[in-house]
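Working notes for the structure below.
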Amino acid sequence: MFYSKHLNRAVDNLKSNPQTSLVSVSTFAAAFCILGLFMVLYVNLDSLLATWSRQVQIIVYLNDDLKKPQLKKLEALFAGNSEVSSVEYVSRQAAWEKFKNTFSAETEFLETLAFNPLPASYNLRFKPGPRRVENIRRFAEELRERPEVESLEYGEKWISRFEKFMVFLKVFLLAIGGLLGLGLIFIISNTIRLSALSRKNEIELMLMIGATHRYIKTPFLLEGVLQGAAGAVLALLAAKGVHAYMSFQFSDSIAKIARDADFLFIGPSGILILFGSSVAVGWLGSYISISKVLNMVNES
Amino acid sequence: MFYSKHLNRAVDNLKSNPQTSLVSVSTFAAAFCILGLFMVLYVNLDSLLATWSRQVQIIVYLNDDLKKPQLKKLEALFAGNSEVSSVEYVSRQAAWEKFKNTFSAETEFLETLAFNPLPASYNLRFKPGPRRVENIRRFAEELRERPEVESLEYGEKWISRFEKFMVFLKVFLLAIGGLLGLGLIFIISNTIRLSALSRKNEIELMLMIGATHRYIKTPFLLEGVLQGAAGAVLALLAAKGVHAYMSFQFSDSIAKIARDADFLFIGPSGILILFGSSVAVGWLGSYISISKVLNMVNES
Amino acid sequence: MIQLYNVFKTYNGNTPALVDISLLIKERSFVFITGASGAGKSTLLKLLFGWERFDSGQILVKGMNVGKIKKEKLYLLRRHIGVVFQDYKLLPNKTVFENVAFALEVTGASARSIRYKTSDALKSVGLFKKRDSHPMQLSGGEQQRVGIARALVHNPAILLADEPTGNLDPDISLEILKLFEMANQQGMTVVFATHNHELVRRANYPFIILDKGNVVRP
Amino acid sequence: MIQLYNVFKTYNGNTPALVDISLLIKERSFVFITGASGAGKSTLLKLLFGWERFDSGQILVKGMNVGKIKKEKLYLLRRHIGVVFQDYKLLPNKTVFENVAFALEVTGASARSIRYKTSDALKSVGLFKKRDSHPMQLSGGEQQRVGIARALVHNPAILLADEPTGNLDPDISLEILKLFEMANQQGMTVVFATHNHELVRRANYPFIILDKGNVVRP
Ligand SMILES: Nc1ncnc2c1ncn2[C@@H]1O[C@H](COP(=O)(O)OP(=O)(O)OP(=O)(O)O)[C@@H](O)[C@H]1O
Ligand SMILES: Nc1ncnc2c1ncn2[C@@H]1O[C@H](COP(=O)(O)OP(=O)(O)OP(=O)(O)O)[C@@H](O)[C@H]1O
Ligand SMILES: [Mg+2]
Ligand SMILES: [Mg+2]
């Protein structure tokens with residue numbers, strides 16, 4: 001009952017300054033849309049990283065002319081690691097066949113090559129788990145020391161680079177979110193200040209005829225919250241639109257990059273965070289300005 | 001004299017509502033900065049296109065076992081085209097040596113290859129000129145018909161793709177510029193409307209005591225123009241900052257992509273266009289709103 | 001009811017607006033305040049409902065020590081008081097009815113009692129027919145009467161009226177005076193600041209004359 | 001100087017504010033307009049300087065046909081007229097001096113003559129000492145006198161004064177009246193709307209009584 005009256009007054013305020021409200025809501029929407037799209041980017045890169053790291057395997061290239069016992073020793077080592085899920089042996093011959101199959105279409109002269117330049121190898125796959133990449137890294141370093149091993153590949157460079165990039169992206173996201181948040185608090189506080197100033201006489205009169213401070217402030221706080229909420233809803237709709245468009249346009253390329261990963265949208269918790277922070281920003285901005293205006297009017 | 005007084009009043013207006021002015025100037029700056037960066041992108045891609053198309057050459061791969069007269073005939077054809085600036089013959093042997101030089105470090109087995117799979121070729125370079133790419137395209141099609149020619153390469157696909165992309169970018173730039181312009185007119189008109197509304201009593205009084213419409217409007221128009229100009233200056237500074245940072249950070253990669261092209265900034269005419277349009281947007285926005293407010297006050 | 005002890009008031013350190021004022025206005029009494037332009041009449045009224053702070057002295061209104069009330073609690077004092085402002089202070093965006101109803105709304109009265117009491121107050125100042133007009137569409141005197149209706153609508157214990165008949169012709173001035181007298185007979189304390197010597201003479205109530213911030217005759 | 005022929009005025013189709021008014025106010029004359037609250041006094045003055053449009057009839061002021069002047073050209077009429085507004089219309093952000101000077105500024109007067117004339121006008125209403133105060137720091141009567149100074153500062157051919165003594169005590173009211181009389185003797189046409197019967201009686205100038213939009217006695 002108390003709030004429905006105040007809500008009416010807040011809506012009246014919004015309506016009585018439609019252009020300013022529109023400017024502030026759309027600035028809100030634009031800013032939160034940008035933030036939302038960055039979050040979409042982050043969510044997807046994160047899921048991509050998960051998918052890829054799920055596919056990480058160690059390829060252990062072997063020295064030529066290893067004896068059976070040496071191979072057995074290595075295999076025992078693999079079996080001793082509880083993280084390893086599968087071991088595949090690729091002989092020199094098999095490697096050469098595969099290589100030729102891959103490239104024969106393009107260069108015929110490989111056929112005539114007299115000897116096989118490729119080494120034999122083991123392909124190790126790993127069980128999923130939280131410290132997966134770390135475990136793989138440790139095991140790879142252990143294997144590298146073995147005399148049987150010629151060299152070793154497990155895409156460590158790009159994985160760690162990608163991980164660093166994700167950290168950077170997270171920091172960047174927080175920084176830009178903080179900056180946009182400050183800017184938006186400034187903008188909302190300005191809008192509410194103008195709304196309050198345009199009602200300065202009304203506020204003064206309310207004080208004079210015995211209204212409580214809470215009674216005076218509440219509609220302005222609601223006004224700020226409404227603007228924040230409206231901006232967030234618009235932003236989420238716009239971001240969802242962009243997301244849908246991109247899914248549609250680039251579904252092929254996405255499928256290529258990450259076969260089993262969809263192009264994701266921000267999850268429910270992300271949506272809640274966006275919505276919650278926009279409401280908080282709206283509330284804070286209006287709280288600051290209405291308090292200032294109230295003090296100013298109440299001065300003398 | 002007349003204008004200095006009005007300028008004072010405009011500056012007073014700006015000062016009396018610093019927060020709103022700041023919001024509108026910084027929105028302006030942000031929008032024009034985005035626009036400016038797109039223009040930087042466009043300018044650079046355009047110059048890149050120019051550089052690359054200057055380097056376009058036709059590589060004419062020849063059928064094996066051509067006789068001298070056939071070669072002479074072709075060379076006569078090249079000489080007959082006034083656009084061709086240089087012709088270089090690469091024999092099969094030379095091509096094979098070059099190929100081996102390029103790849104030997106990586107795969108030793110090429111050494112042992114029994115025969116040479118590569119064709120002989122002519123490299124044609126062309127004189128600079130406005131319709132250069134078009135001429136090359138035409139000449140290439142002519143050559144493709146010749147029986148001596150096995151196949152032909154001149155990067156046509158990526159050039160025409162890139163050209164299409166540049167057209168798209170231009171359209172996109174105009175569209176986003178138009179949209180931002182409309183949004184900014186809306187924002188400026190809102191700011192000036194608020195500025196005028198907060199002086200509604202003053203405007204009414206001025207009308208009542210015999211001020212001309214022009215006298216009343218001028219400071220508000222100047223206020224809009226000042227906001228637009230300030231926004232444009234800030235935007236150009238910010239864009240220049242981003243540009244300088246990028247030049248510094250990516251000077252290597254830039255040098256790689258386009259050896260003889262610098263990372264350019266918007267030229268003087270571009271700066272003038274940006275500045276002029278921001279001033280125009282400021283003027284237009286304030287003209288619309290002050291006229292409305294004046295009519296409203298003058299109504300009754 | 002209203003007591004002032006040695007009250008001093010200066011505006012931002014300049015010439016004093018009120019000098020050593022001591023007064024007693026009893027409950028249910030009717031008092032005029034007169035004095036030349038700039039004598040301090042409006043200032044005195046503003047002190048009584050806590051709108052202006054004073055430099056020294058004590059003011060007691062309805063048992064509350066006005067100088068000691070916190071800003072956030074002043075509404076408790078003000079809900080006992082109705083004020084007619086010299087410059088009306090009507091809200092241009094609200095209709096006449098809404099302007100008067102506003103004084104009840106801010107105290108959280110029920111919608112039904114608001115309708116009922118507002119209509120009553122408008123009838124008593126003869127403006128019920130103009131209830132849907134906006135202040136801008138009223139003559140100066142009509143606006144003043146809306147201000148009077150708003151001050152009376154919540155039936156306050158104290159009425160502070162600052163030049164309530166400044167824009168009214170003598171006939172309507174007398175009617176308004178009668179209105180205040182009726183309210184006074186029903187128990188309202190009335191403090192009436194005016195230049196209108198004729199009204200003061202005619203009504204024959206006690207009056208306080210201010211001259212440059214000093215009480216000349218209590 | 002001021003001529004009205006069969007002028008009718010209604011506000012948005014409702015009850016008429018002025019009914020068939022015909023008047024002649026000669027150059028250099030001094031005329032009172034009286035009548036009850038809501039009789040149409042302010043409306044009549046607003047028609048004379050082109051602030052409100054009328055429904056039918058003709059108004060001539062200083063040879064100009066008021067109904068025919070385009071909005072953009074009304075300033076030509078208004079520069080011959082000084083207006084004292086019933087609600088003062090002072091700008092709260094300007095000082096007293098700036099408020100009065102404003103009437104000269106908008107006409108593009110030189111800075112020197114603005115200083116000179118403004119100081120003169122403020123002295124004549126007894127507010128030169130308060131020139132740096134803001135309107136909010138003045139009493140009601142002081143504000144009214146600032147409005148009067150502003151109306152007189154550009155020495156207009158016609159003065160329209162709407163209740164200029166509404167907030168003034170009898171002594172100052174008489175002084176203001178004398179001010180207007182002096183200006184009138186120097187050639188200014190004065191139209192003075194008021195409820196103050198005593199003033200009208202005392203000054204002994206022709207007066208026009210309005211009653212519900214009709215001229216009762218010219
Ligand atoms: N807010 C203010 N700041 C500074 N001075 C003020 C302020 N309000 C009033 N004054 C000064 O205090 C003195 C008393 O003012 P006040 O309004 O109380 O007079 P008043 O008796 O109501 O006069 P009037 O009959 O003209 O309304 C005046 O000289 C006035 O200029
Ligand atoms: N802008 C307006 N819109 C509608 N009605 C109006 C408007 N201005 C005045 N009126 C009405 O016209 C009538 C005459 O008003 P006017 O202001 O001329 O009266 P007045 O003689 O000046 O009264 P007062 O002495 O109270 O100032 C009144 O009934 C008033 O309600
Ligand atoms: Mg007063
Ligand atoms: Mg009037």
Side-chain angles (χ1 to χ4, degrees), chain C residues 11-12 14-15 17 34-46 85-90 92 125-127 129-130 132-145 162-173 175-176 193-198 200 209-213, chain D residues 11-12 14-15 17 34-46 85-90 92 125-127 129-130 132-145 162-173 175-176 193-198 200 209-213:
Chain C
Y11 285 107
N12 30 326
N14 276 4
T15 38
T34 58
S37 173
K41 302 180 293 298
S42 300
T43 302
L44 180 59
L45 297 187
K46 282 177 193 160
F85 301 98
Q86 194 164 8
D87 52 355
Y88 324 150
K89 295 202 191 296
L90 302 180
V125 297
L127 280 178
K129 269 197 293 186
K130 298 237 171 198
D132 292 327
S133 300
H134 284 262
M136 278 309 176
Q137 302 172 335
L138 299 181
S139 78
E142 287 161 348
Q143 291 182 41
Q144 199 159 42
R145 282 181 278 161
D162 195 358
E163 203 75 62
T165 58
N167 279 297
L168 297 177
D169 52 283
D171 297 349
I172 297 189
S173 295
E175 268 174 48
I176 295 293
T194 185
H195 292 120
N196 195 328
H197 290 189
E198 209 178 302
V200 175
I209 301 179
L210 288 177
D211 183 28
K212 289 178 188 158
Chain D
Y11 284 107
N12 29 328
N14 277 4
T15 37
T34 57
S37 171
K41 303 180 293 297
S42 300
T43 302
L44 178 60
L45 296 186
K46 282 178 193 160
F85 301 98
Q86 194 165 6
D87 52 355
Y88 324 152
K89 294 199 190 298
L90 302 179
V125 297
L127 281 178
K129 270 197 296 187
K130 299 238 170 196
D132 292 328
S133 300
H134 284 261
M136 277 310 179
Q137 302 171 336
L138 299 182
S139 77
E142 288 162 347
Q143 290 182 42
Q144 198 159 44
R145 282 180 278 162
D162 195 358
E163 203 76 61
T165 58
N167 279 298
L168 298 176
D169 53 283
D171 297 350
I172 298 188
S173 294
E175 269 175 47
I176 296 293
T194 184
H195 292 121
N196 196 327
H197 290 190
E198 209 176 304
V200 177
I209 302 179
L210 286 177
D211 182 29
K212 288 180 189 157

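In this text, all values refer to a predicted model and were calculated from it rather than measured experimentally. For the numbers below, each heavy atom of this structure counts, side chains included, while hydrogens, waters and symmetry mates do not. Note on naming: letters A, B, ... go to the chains in the order of the sequence lines (proteins, then strands), and numbering restarts at 1 for each one.
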Below 4.5 Å from any heavy atom of chain C, which atoms of [X] appear? Answer side chain, backbone, both or neither.
X         : result
Asn167(D) : both
Glu163(D) : side chain
Gln143(D) : neither
Gln144(D) : neither
Ser37(D)  : both
Leu168(D) : both

TODO: Report the option among Ser173(D), Pro170(D), Ser42(D) that has the most heavy-atom pairs separated by less than 4.5 Å from atoms of chain C.
DONE: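 Greatest number of close heavy-atom pairs with chain C: Pro170(D).
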Task: Over 12 foreign heavy atoms within 6.0 Å of CD, Gln137(C) - done: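 Atom CD in Gln137(C) is crowded, with more than 12 foreign heavy atoms closer than 6.0 Å.
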TODO: Quick one: which of Gly35(C), Gly140(C), Ala17(C) has the most heavy-atom pairs under 4.5 Å with chain D, could you say?
DONE: Gly140(C)
Task: Under the salt bridge (charged side-chain N to carboxylate O under 4.0 Å, His left out) test, residues paired with Asp169(C) that sit two or more places apart - done: none
Task: Least distance between heavy atoms, Gly141(D) atom then Gln86(C) atom - done: N-NE2, 4.4 Å
